[in-house]
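The shown structure was predicted, so the numbers you read here are calculated from the model rather than taken from an experiment.
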Amino acid sequence: MAGYLLKNCAAVIVDEGKGPVVHRNVDLLTSGPAIVAIGENLAADSLPAGTTVQDAAGWFVYPGLVNTHHHFFQCFVRNRADLDWTKLSVIEWLDRIYPIFSQLNEECFYHSSVTAMAEMIKHGCTTALDHQYNFPRHAGKRLIDCQFEAAELLGMRFHAGRGGNTLPKSEGSTIPDEMLETTDEFIADCARLIDTYHDTSPFSMRQVVVAPCQPINCYRETFVESVALARDRGVMMHTHVGEGESPVIQARHGMRTVDYLEELGFAGPDTFYAHCWELTHDELRKMAASGTGVAHCSEPVYLVGAEVTDIPAMAAFGLRVGLGCDGAASNDNSNLMHCLHSAYMLQCLVASSRAHPVPPPVDFLGYGTTGGASLLGRRDVGRLAPGMAADLFAIDTRRMDYVGTRHDPLSLIARVGIGMATDMTMINGRVVWQKGEFPGLDEAKLAADAEAALSTVEF
């Protein structure tokens with residue numbers, strides 16, 4: 001099998017299951033999809049045929065980042081100054097943005113997925129979950145199939161969160177009728193996707209997550225049936241929680257969202273929620289007790305202007321935490337590396353008002369790697385060690401940007417931030433980004449094709 005030998009790495013972030021440790025001046029060897037060895041002076045002259053030797057002098061090598069929440073299709077609705085969170089309430093914003101979403105067609109979903117994943121790969125993300133809940137009737141049901149095609153094109157390790165909305169606007173949701181499905185439609189397509197794509201083998205590149213959009217926009221039965229299907233098929237579950245909807249759920253069901261979902265069984269080690277910025281400490285403790293995880297999306301916090309998610313409390317209570325980009329409607333980029341930095345900086349901003357201390361910067365690297373892997377139920381990604389997936393990114397630190405920072409690779413991304421694309425991103429042992437290019441692909445053509453697809457929609 002073909003492989004890579006990264007020679008003379010300045011630093012490799014190694015984690016053999018007991019936490020990350022910096023190994024200086026070592027080599028890293030891959031074979032096929034896996035890491036084979038990390039150590040000093042691995043012999044280049046005794047490697048299997050087909051092994052590529054890469055000079056990695058000056059490189060810091062990190063485990064690939066794991067994105068746990070996104071909405072790829074929203075990449076086609078970004079840099080819209082007219083959709084200004086600072087001048088609109090959440091309800092006003094939703095009423096303006098959802099009709100735009102409902103106009104996208106199948107071609108848009110494919111090219112927006114290529115757009116989002118390409119940006120993530122450039123910035124070190126190697127495994128990505130997308131929460132695709134937008135199914136306009138005119139666009140058909142092959143939208144997640146298109147996403148799997150986009151992931152295969154780029155070489156992304158992809159978890160498809162099959163979302164959906166079932167409650168009509170006339171009954172209190174924010175969803176246009178064009179985007180509605182019945183519970184039966186939603187569950188049937190989840191089952192189809194699981195049967196077609198879900199792969200539980202080691203180093204799997206395709207998995208499916210049952211992910212009804214959010215309790216405020218779905219019937220109770222949608223979540224009940226989601227739990228039944230997911231538990232029967234052994235797949236993960238995901239939804240939006242704690243982003244301002246709890247008073248509405250309280251009015252409808254007599255309890256806040258966390259209690260409501262726990263009553264329905266939509267909680268546990270196979271379940272994770274996105275956002276959770278408005279949750280009480282008692283609710284966070286309840287989630288920790290059930291094993292339910294949190295996909296923290298730092299960038300929307302700037303736009304919503306409500307509360308900074310209480311990551312210190314989550315850490316203190318033992319919640320599993322991962323990171324997500326979130327969609328471009330509330331984050332105009334797909335750069336998970338930047339989200340790691342902003343997550344840390346936001347916690348520093350409010351540190352004096354918190355009951356618990358800000359976790360150290362290295363923990364935020366953990367949220368973006370091992371934490372995300374845990375949320376997705378993956379034991380083969382998220383850290384660098386022999387036997388793990390060869391998912392990694394490398395930064396050449398022989399630049400002015402890193403003068404005075406190289407003594408602490410573990411804190412570098414959270415504290416300093418990385419303001420450029422990686423020098424290499426590898427997924428499943430394949431180099432998917434290096435020297436400013438996607439090997440074998442024409443980025444200019446990818447961009448032109450995406451712009452052409454976008455131009456077919458009138459907003």
Side-chain angles (χ1 to χ4, degrees), residues 66-69 127 129-131 133 159-164 183 186-187 190-191 193-194 198 200 204 207-243 245-246 249 253-297 309-311 313-324 366-367 370-382:
V66 179
N67 178 64
T68 58
H69 187 74
T127 299
L129 173 127
D130 186 55
H131 191 186
Y133 61 79
H159 287 231
R162 205 308 186 177
T183 294
F186 167 65
I187 294 297
C190 286
L193 291 166
I194 294 169
H198 190 66
T200 59
S204 160
Q207 294 199 9
V208 175
V209 176
V210 176
C213 183
Q214 55 194 143
I216 200 170
N217 288 333
C218 287
Y219 286 112
R220 179 188 182 98
E221 68 181 26
T222 306
F223 278 85
V224 171
E225 294 299 321
S226 294
V227 172
L229 176 66
R231 296 263 159 81
D232 178 63
R233 301 297 183 90
V235 302
M236 308 298 286
M237 295 184 289
H238 182 52
T239 193
H240 294 91
V241 171
E243 54 175 350
E245 85 294 329
S246 285
I249 299 299
H253 303 290
M255 63 189 82
R256 283 168 57 90
T257 312
V258 170
D259 289 335
Y260 172 65
L261 290 179
E262 187 158 291
E263 180 183 84
L264 299 182
F266 203 96
D270 58 356
T271 307
F272 59 107
Y273 305 152
H275 302 307
C276 300
W277 64 61
E278 67 166 1
L279 301 186
T280 68
H281 281 191
D282 284 344
E283 288 169 332
L284 295 179
R285 288 188 183 96
K286 180 169 288 189
M287 289 171 58
S290 69
T292 306
V294 174
H296 169 49
C297 302
T309 313
D310 200 343
I311 298 299
M314 293 179 183
F317 302 154
L319 267 80
R320 295 179 301 123
V321 176
L323 295 181
Y367 302 148
T370 53
S374 175
L375 294 191
L376 297 183
R378 300 296 298 247
R379 298 185 178 185
D380 51 356
V381 304

So, for [X] and [Y], which heavy atoms are closest and what is the spacing to 0.1 Å?
X	Y	value
Val66	Gly372	CG1-C, 3.6 Å
Leu375	Val321	CD1-C, 4.4 Å
Ala191	Leu229	N-CD2, 3.9 Å
Thr309	Met314	CG2-CE, 3.5 Å
Arg320	Pro269	NH2-O, 3.2 Å
Ala313	Leu284	CB-CD1, 4.2 Å

Report the relative orientation of the aromatic rings in His281 and Phe317; use parallel for angles under 30°, tilted for 30 to 60°, perpendicular for over 60°.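 Correct class here is perpendicular.
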>> Run the side-chain contact (heavy atoms from CB on, under 4.5 Å) test against Val235 and tell me which residues pass, sequence neighbours left out.
In response: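 side-chain contact (heavy atoms from CB on, under 4.5 Å) list for Val235, sorted by chain: Ile194, His198, Val210, Ala230, Arg233.
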**Prompt:** With sequence neighbours left out, what residues match Arg378 under side-chain contact (heavy atoms from CB on, under 4.5 Å)?
**Reply:**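 So Arg378 forms a side-chain contact (heavy atoms from CB on, under 4.5 Å) with Arg157, His159, Ser204, Gln207, Ala373, Leu376, Asp380, Val381.
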How long is the straight-line distance from NZ of Lys286 back to OG1 of Thr280, given to the nearest 0.5 Å?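 Interatomic distance, Thr280 OG1 to Lys286 NZ, rounded to 0.5 Å: 9.0 Å.
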Checklist line | Point-to-point distance, once rounded to the nearest 0.5 Å, from CG of Leu261 to CZ of Arg220 | finding: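 So the gap between those two atoms works out to 10.0 Å.
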Any donor-acceptor N or O pair under 3.5 Å, side chains [X], [Y]:
X	Y	result
His69	His240	yes
Thr292	Thr271	no
Thr183	Glu221	yes

Check: For Tyr133 and Phe186, what are the C-alpha separation, side-chain angles and deciding distance, and is it a side-chain contact (heavy atoms from CB on, under 4.5 Å)?
Finding: CA-CA 10 Å; Tyr133 61 79; Phe186 167 65; over 6 Å; no
When you measure from the side chain of Asp130 to the backbone of Ala160, do you find a donor-acceptor pair of N or O atoms at a distance under 3.5 Å?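 No: the side chain of Asp130 does not pair with the backbone of Ala160.
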message: Quick check: do Ser374 and Phe272 have side-chain heavy atoms less than 4.5 Å from each other?
response: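 Heavy-atom side-chain distance check fails, nothing below 4.5 Å.
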Applying side-chain contact (heavy atoms from CB on, under 4.5 Å) to Val294 and Met287, what does each step give before you reach the verdict? CA-CA 9 Å; Val294 174; Met287 289 171 58; 3.5 Å; yes
Asp259/Arg256 salt bridge by N-O under 4.0 Å criterion
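Salt bridge between Arg256 and Asp259, a charged N being under 4.0 Å from a carboxylate O: no.
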